[in-house]
Amino acid sequence: MQAWRVHRNGEPSEVMVLEETDRPVPGDGQVLLQVRAANINFPDALLCRGQYQVRPPLPFTPGVEICGETADGRRVLATPALPQGGFAEYVVADEAALLPVPEALDDAEAAALHIGYQTGWFGLHRRAHLQAGETLLVHAAAGGVGSAAVQLGKAAGATVIGVVGGPEKAAIARELGCDLVIDRRSEDIVAVVKEATGGRGADVVYDPVGGDAYAKSVKCIAFEGRVVVVGFASGAIPSPGLNHALVKNYSIVGLHWGLYNTKDPLAVRACHDELTKLAAQGVVKPLISERVPMADAARAVQRVADGTSTGRIVVLPSGGTR
């Protein structure tokens with residue numbers, strides 16, 4: 001089979017190599033899946049760079065999220081077992097963790113549902129306890145993780161303010177349903193949020209960016225607001241001023257969604273059931289900006305790494321248009 005492999009750490013476009021390799025062999029409790037679509041996540045770039053919290057042995061295949069097909073023809077969502085990730089024609093995955101694909105979604109949309117939307121759901125509902133009528137501030141609102149949070153925030157009845165970089169991404173954020181969009185390149189995030197909320201600030205901040213995004217967020221957080229720390233796509237990990245959190249009476253909560261797979265797998269399945277209902281209602285629909293053939297995977301991962309992509313880029317190993 002064909003698979004993208006990383007033999008040394010570095011930038012994805014430089015270290016990902018398409019090779020012929022043997023199909024992986026399932027171990028106890030695992031199942032072999034044909035990959036119908038593999039979603040690109042920012043952690044795939046970090047894996048290539050050797051900067052992710054998990055560092056698989058070299059060589060490895062990146063790709064942490066797929067829509068696959070079982071031997072009996074069922075479409076399922078899976079997180080492949082590294083070091084044999086999803087940018088391949090076949091993967092193995094834990095059978096107990098497989099989730100059925102919502103019928104409302106095609107292969108590419110399904111491949112982008114699991115990690116991003118589960119992260120958004122747990123972040124907004126379990127960690128931040130977002131309530132209808134509250135104001136939600138979403139950074140990188142036109143990106144893969146941010147776009148999921150925008151849709152879930154609207155589904156929860158929140159007023160959603162999206163932060164983006166540039167007019168093209170601003171247009172996408174509006175199409176996603178943001179009530180207000182801030183272009184961080186030309187507008188003052190703090191001033192706009194305060195004006196839009198009558199000086200109150202945002203009740204919940206969803207931050208997959210870190211760095212300056214976090215610094216601006218805590219300057220416009222509401223009384224008893226909650227900042228959900230999801231990641232650090234900017235490359236800069238902020239150092240929170242706990243005296244500031246004390247004085248302004250807000251909470252800083254972290255979210256590592258992957259822990260729920262081992263700590264509370266029943267909650268993951270319950271979340272998937274809820275996401276399936278929202279997909280059937282048309283409320284949740286992953287924004288797929290590109291569907292690329294297998295040969296273009298490395299260049300696509302690099303675009304995600306560089307922050308130039310919008311929505312989700314999905315790799316189709318069969319070269320189809322699903």
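Cluster membership for Phe87 and Val92, using ILVMFWY side-chain heavy atoms within less than 4.5 angstrom, is not shared. Note on Val315 and Leu113: same hydrophobic cluster, where clusters join Ile, Leu, Val, Met, Phe, Trp and Tyr whose side-chain heavy atoms are under 4.5 Å apart, directly or indirectly. Under the 4.5 Å side-chain contact rule for hydrophobic residues, Val150 and Val284 share a cluster. Hydrophobic clustering, with ILVMFWY side chains joined whenever heavy atoms are under 4.5 angstrom apart, keeps Tyr206 apart from Leu180. Hydrophobic clustering of Ile, Leu, Val, Met, Phe, Trp and Tyr side chains at less than 4.5 Å, counting indirect connections, unites Val301 with Leu82.
The closest side-chain donor-acceptor pair between Tyr117 and His272, if any, does not fall under 3.5 angstrom. Side chains of Thr308 and Asp306: no donor on one and acceptor on the other come within 3.5 Å. In this model, no donor atom of one side chain and acceptor atom of the other lie less than 3.5 Å apart for His125 and Gln131. Side chain to side chain, Glu95 and Gln30 fail the donor-acceptor criterion of an N or O pair below 3.5 Å. Judged by distance alone, the side chains of His139 and Ser217 do bring a donor and an acceptor atom under 3.5 Å apart.
Here the closest non-hydrogen pair linking Ile161 and Ala196 is CD1-CB, 4.4 Å. Nearest heavy-atom pair, Ser147 versus Gly144, reported as atom, atom and distance to 0.1 Å: OG-O, 3.1 Å. For Leu255 against Val228, the heavy-atom pair with the smallest separation is CB-CG1, 4.3 Å.
With hydrogens and angles ignored, the 3.5 Å screen pairs no side-chain donor or acceptor of Thr197 with any backbone N or O of Ala202. The main-chain N or O of Val181 is never found under 3.5 Å from a side-chain atom of Arg174 such that the two would form a donor-acceptor pair. Using modelled atom types, no side-chain atom of Glu290 and backbone atom of Ile313 make a donor-acceptor pair closer than 3.5 Å. The main-chain N or O of Ala111 is never found under 3.5 Å from a side-chain atom of His114 such that the two would form a donor-acceptor pair. Judged by distance alone, the side chain of Asn41 and the main-chain N or O of Pro43 form no donor-acceptor pair under 3.5 Å. Asp94 places no side-chain N or O within 3.5 Å of a backbone atom of Ala97 that could act as its donor or acceptor partner. Side-chain N or O atoms of Arg312 include none that pairs as donor or acceptor with a backbone N or O of Leu287 at under 3.5 Å. Ser289 contributes a side-chain N or O that, together with a main-chain N or O of Thr310, makes up a donor-acceptor pair within less than 3.5 Å. Distance alone, capped at 3.5 Å, places no donor-acceptor pair between the Gln151 side chain and the Ala148 backbone. Side-chain atoms of Glu134 do not come within 3.5 Å of backbone N or O of Leu130 as any donor-acceptor pair.
Checking each of Ile40, Thr79, Asp44 against Val64 for a side-chain contact (heavy atoms from CB on, under 4.5 Å) leaves exactly one that passes, namely Asp44. Of the residues listed (Pro317, Pro26, Pro80), the one engaging Val91 in a side-chain contact (heavy atoms from CB on, under 4.5 Å) is Pro80, and it is the only one.
Residues Met16 and Arg5 form no side-chain contact, since every pair of their non-hydrogen atoms from C-beta on lies 4.5 Å or further apart. You'll find the side chain of Trp4 reaches within 4.5 Å of the side chain of Met294, heavy atoms only. Counting only heavy atoms from C-beta outward, the side chains of Asp203 and Leu136 never approach each other to under 4.5 Å. Residues Asp273 and Leu275 fail the side-chain proximity criterion, which asks for heavy atoms closer than 4.5 Å. Within the 4.5 Å cutoff, the side chain of Asp183 has heavy atoms near those of the Pro167 side chain. For the pair Pro286 and Leu105, the minimum side-chain heavy-atom distance is below 4.5 Å. For the pair Cys271/Phe122, a side-chain contact is recorded, criterion being any heavy-atom separation below 4.5 Å from C-beta on. Here the side chains of Ile252 and Val229 are in contact, with some heavy-atom distance below 4.5 Å.
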*Check step by step if salt bridge (Lys or Arg N to Asp or Glu O under 4.0 Å) holds for Asp106 and Arg36.*
CA-CA 10 Å; Asp106 65 21; Arg36 294 175 67 104; over 6 Å; no

_Intermediate values then yes/no, side-chain hydrogen bond (donor to acceptor under 3.5 Å, both in side chains), Gln34 and Glu89_ = CA-CA 6 Å; Gln34 182 176 6; Glu89 292 181 306; over 6 Å; no

*When you look at Leu124 and Val204, which way does the side chain to side chain contact (heavy atoms under 4.5 Å, CB included) test go after all the steps?*
CA-CA 8 Å; Leu124 296 179; Val204 175; 4.3 Å; yes

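Few gaps surround CD on Gln53; more than 12 heavy atoms of other groups in view lie less than 6.0 Å from it. At most 12 heavy atoms of other shown residues, nucleotides or ligands fall within 6.0 angstrom of atom CZ in Arg74. Heavy atoms of other residues, nucleotides or ligands lying less than 6.0 angstrom from CD of Gln2 number more than 12. Other residues, nucleotides and ligands place more than 12 heavy atoms under 6.0 Å from the CG atom of Asp72. Residue-environment remark: CD (Glu195) stays at or below the threshold of 12 foreign heavy atoms within 6.0 Å.
In this structure, the separation between CG on Asn39 and CD1 on Ile115 is 7.5 Å, given to the nearest 0.5 Å. Atoms CD1 and CG, on Ile66 and Leu77 in that order, are 8.5 Å from each other to the nearest 0.5 Å. Here CG of Leu32 is found 10.0 Å from OG1 of Thr70. Values are rounded to the nearest 0.5 Å. Note that the NZ atom of Lys216 and the NZ atom of Lys219 stand 7.0 Å from one another [nearest 0.5 Å]. The line from CG of Asn9 to CZ of Phe60 is 6.0 Å long, rounded to the nearest 0.5 Å. Expressed to the nearest 0.5 Å, how far CD of Glu274 lies from CD of Gln118 amounts to 11.0 Å.
In this view, Arg75 and Asp107 satisfy the side-chain hydrogen bond (donor to acceptor under 3.5 Å, both in side chains) rule, not counting sequence neighbours.
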